[in-house]
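All figures in this text were calculated on a predicted structure; none of them were measured in a lab. Residue numbers count from 1 along this sequence.
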Amino acid sequence: MIKSSVKITKNIDSTIINYAFWEIELPNSWLDKSENFQNLLFSKLNFKNWEPINEEEKSLYILLQEQGCIEEAEKDFFSGKEIFNIFERTVTAWYSTYYKHPIWDVLLNGCSKNTLISWLIQNYHISRSAGVTDARCAEFFPKFELRELFKKNCIEEYWHCDSFYFVNDKILKSIKEYIPLPGSLAFDQHMLYLAEKDPLAYIMVGYFQESSVRFFNDCKEFYKNMESKYNLHDYFKPWEKHLSFDFEYEHGDRYAEMFSSCNNITKSNFISSFENASIVVGYLFQAFDQVLLEPNTEKILLRDPPSKNLNSIILKSIIEPEYINELEKCSGIKYYDKIIKGFLENKGLLLKIIKHNNNNINYISNEISKITIRSMGFSYEHDLIQTLGLFVQEYDQKNESFEIPINKSEWISLRNFLFESSINPEQLLVLQYILNEIIY
């Protein structure tokens, strides 16, 4: 069957098929000669019951299949090659969505310095996370040869944010200290989570990122126009050089080969990994949206770093209630509270969902219980261990079962933020305090 996302328009003289970047125009004079193919195109006939009557029909079918216009046949298990062939067609649709985002027109048509700097720093943050997520893969991926490959990737990638994407502007504070956009942080932390929990999804996103080198010439033209628009002489030369390294290191091909390590994948696991990968790419689009929501001004108004003055008062505030007022004076509390709520498209959404859908409480409480146990593995002080233990016990008593909640990507980004905070038990307890105030 033709996918529902394929747009088919029948005009007087021709029929146009649109999907992702692709557009095919068929003369109606040719299409009318094949009633079966016309019925097939408009979903009146299943592909299983159809045979091409000539080479033209056969070639057109293959073209539609390669472009991802045709639903895949039902299967229970997939080889790595089959997964790659299916995913390669999906990537085209992702690129289409990526390059149709309004951010590109805003940048090319002229935007404020604050918006421009926000976009540059967003690219810096995505680049900065590459070596980190590859390092996580080098530790957690199930196969030795892949762990070694990601160690190589890590060595090749970790310095790129410093050499190619570092933003130097006299008006800015050190770019190293600026807080990432919620979408960028969600992207980074879900990649870290997938590195430990879902290797196939990580490979999918890695292939999507590295294969963008296929648009090298378009990128060069875009950089040239940006330099001209904003009088940035040779500013994007390092970005071009980075793209040339992707050619040299063949990162896209490297990820394509990784699919062969994924064999005998069940249909449910394939769908789950694909959903995880889609969520990551969705966070990238959210980051673009958030760049456009930055104040449209020539004054630089970016996210300052939080106060690092979060010491033993954090622990005391949870154990002894009289310390709470003192805790709330710490600017760091406002930072973590802002980050959690910033993951949500609507700042009031978290509270609204919790009040009206108990499954969400069950889901996040179950995740918090598992994350808190993980955090205990990084705890060495008596009070920390006792406090974390009480939290695990409390959440476990309140919830016996859970279902996947609505607004899945928002809840997953919250889960990932807590997961990454688990190596810092004091920070996790601050988040526990905030969430308890919101949820219960």
* Asked: Does the side-chain contact (heavy atoms from CB on, under 4.5 Å) test come out yes or no for F77 and I265, once each step is laid out?
  -> CA-CA 5 Å; F77 293 91; I265 303 297; over 6 Å; no

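- The salt bridge (charged side-chain N to carboxylate O under 4.0 Å, His left out) test applied to E275 returns K408, not counting sequence neighbours.
- Residues meeting the side chain to side chain donor-acceptor pair (under 3.5 Å) test with W159, sequence neighbours left out: none.
- Side-chain contact between I412 and Y283: present, with at least one pair of heavy atoms (C-beta onward) separated by less than 4.5 Å.
- In this structure, Y230 contributes its side chain and K113 its backbone to no donor-acceptor pair below 3.5 Å.
- At most 12 non-hydrogen atoms from other residues, nucleotides or ligands lie less than 6.0 angstrom from CD1 of I423.
- Here the side chain of S272 pairs no donor or acceptor atom with the backbone of S268 at under 3.5 angstrom.
- The stretch residues 212-238 participates, sequence neighbours left out, in these salt bridge (charged side-chain N to carboxylate O under 4.0 Å, His left out) pairs: E88-R214.
- More than 12 heavy atoms of other shown residues, nucleotides or ligands fall within 6.0 angstrom of atom CG in N109.
- Looking only at side-chain heavy atoms (C-beta outward), F274 and T90 come within less than 4.5 Å of each other.
- The distance from atom CG of L293 to atom CG of L181, rounded to the nearest 0.5 Å, is 9.5 Å.
- Using a distance-only test at 3.5 Å, with no hydrogens or angles considered, a donor-acceptor pair links the side chain of S112 to the main chain of T297.
- Contact record, S422 with L428: CA-CD2, 4.3 Å, taken as the closest heavy-atom pair.
- By the 6.0 Å contact criterion, OH on Y158 is open, its count of non-hydrogen atoms from other residues, nucleotides or ligands being 12 or less.
- Between F245 and F164, the distance separating the two ring centers is shorter than 6.0 angstrom.
- Less than 6.0 angstrom separates the ring centroid of Y95 from the ring centroid of F208.
- For the pair S413/Q286, no side-chain contact is recorded, criterion being any heavy-atom separation below 4.5 Å from C-beta on.
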* To do: With side-chain contact (heavy atoms from CB on, under 4.5 Å) as the test, would you mind laying out the steps for I16 and K7 before giving the verdict?
  => CA-CA 8 Å; I16 299 174; K7 182 180 179 181; over 6 Å; no

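- Remark: L26 CG to K10 NZ distance equals 11.0 Å, nearest 0.5 Å.
- Considering CD of E367 and CG of L418, their distance stands at 9.5 Å, rounded to 0.5 Å.
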* Are M226 and L232 close enough, and set up right, to give a side-chain contact (heavy atoms from CB on, under 4.5 Å), and what steps lead you there? -> CA-CA 7 Å; M226 289 289 289; L232 298 170; 5.8 Å; no

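- The side chain to side chain donor-acceptor pair (under 3.5 Å) contacts involving residues 129-152 comprise T133-Y202, D134-Y202, R136-E196, R136-E420, where partners must be two or more places apart or lie in separate chains.
- Here N114 contributes atom CG and I117 contributes atom CD1; the two are 8.5 Å apart, rounded to the nearest 0.5 Å.
- In this structure, Q122 contributes its side chain and A287 its backbone to no donor-acceptor pair below 3.5 Å.
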Return a table of donor-acceptor pairs under 3.5 angstrom between the side chains of residues 252-263 and protein atoms on other chains or two or more places apart.
| residue | atom | partner | partner atom | Å |
| --- | --- | --- | --- | --- |
| R254 | NH1 | N153 | OD1 | 2.3 |
| R254 | NH1 | E156 | OE1 | 3.1 |
| R254 | NH2 | Y249 | O | 3.2 |
| S260 | OG | E257 | O | 2.5 |
| S261 | OG | M258 | O | 2.6 |
| N263 | OD1 | G80 | N | 3.0 |
| N263 | ND2 | S260 | O | 3.0 |

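- Separating the CD atom in Q290 from the CD1 atom in I103 is a distance of 10.5 Å, to the nearest 0.5 Å.
- If you run side chain to side chain contact (heavy atoms under 4.5 Å, CB included) between P199 and each of F141, F140, F150, only F141 comes through.
- Side chain of S127 to main chain of N123: no donor-acceptor pair is present (N/O by atom type, distance under 3.5 Å, no hydrogens or angles).
- Scanning all heavy atoms of the two residues, the minimum distance from S163 to P238 falls at O-CB, 4.2 Å.
- Side-chain contact check for D198 and S273: at least one donor-acceptor pair (N or O, by modelled atom type) lies under 3.5 Å.
- Listed here is the closest heavy atom pair of L107 and L116: CD2-CD1, 4.2 Å.
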* Check step by step if side-chain contact (heavy atoms from CB on, under 4.5 Å) holds for N269 and L200. => CA-CA 9 Å; N269 285 343; L200 177 57; over 6 Å; no

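- Side-chain contact check for V291 versus T115: some heavy-atom pair is nearer than 4.5 Å.
- Residues P180 and D188 fail the side-chain proximity criterion, which asks for heavy atoms closer than 4.5 Å.
- Close placement of the W239 and Y165 rings is indicated, their centers lying within 6.0 Å of each other.
- For F87 and W94, the ring centers sit closer than 6.0 Å to each other.
- To the nearest 0.5 angstrom, C161 atom SG is 12.0 Å from I126 atom CD1.
- Residues N416 and L192 fail the side-chain proximity criterion, which asks for heavy atoms closer than 4.5 Å.
- At a threshold of 4.5 Å between non-hydrogen side-chain atoms, the residues K370 and F419 do not count as touching.
- In this structure, S375 has no side chain to side chain donor-acceptor pair (under 3.5 Å) partners at least two apart in sequence or on a different chain.
- More than 12 heavy-atom neighbours from other residues, nucleotides or ligands sit within 6.0 angstrom of CG on N11.
- Between Y98 and F285, the two ring planes are tilted [angle within 30° to 60°].
- The shortest distance between side-chain heavy atoms of M204 and N276 does not fall below 4.5 Å.
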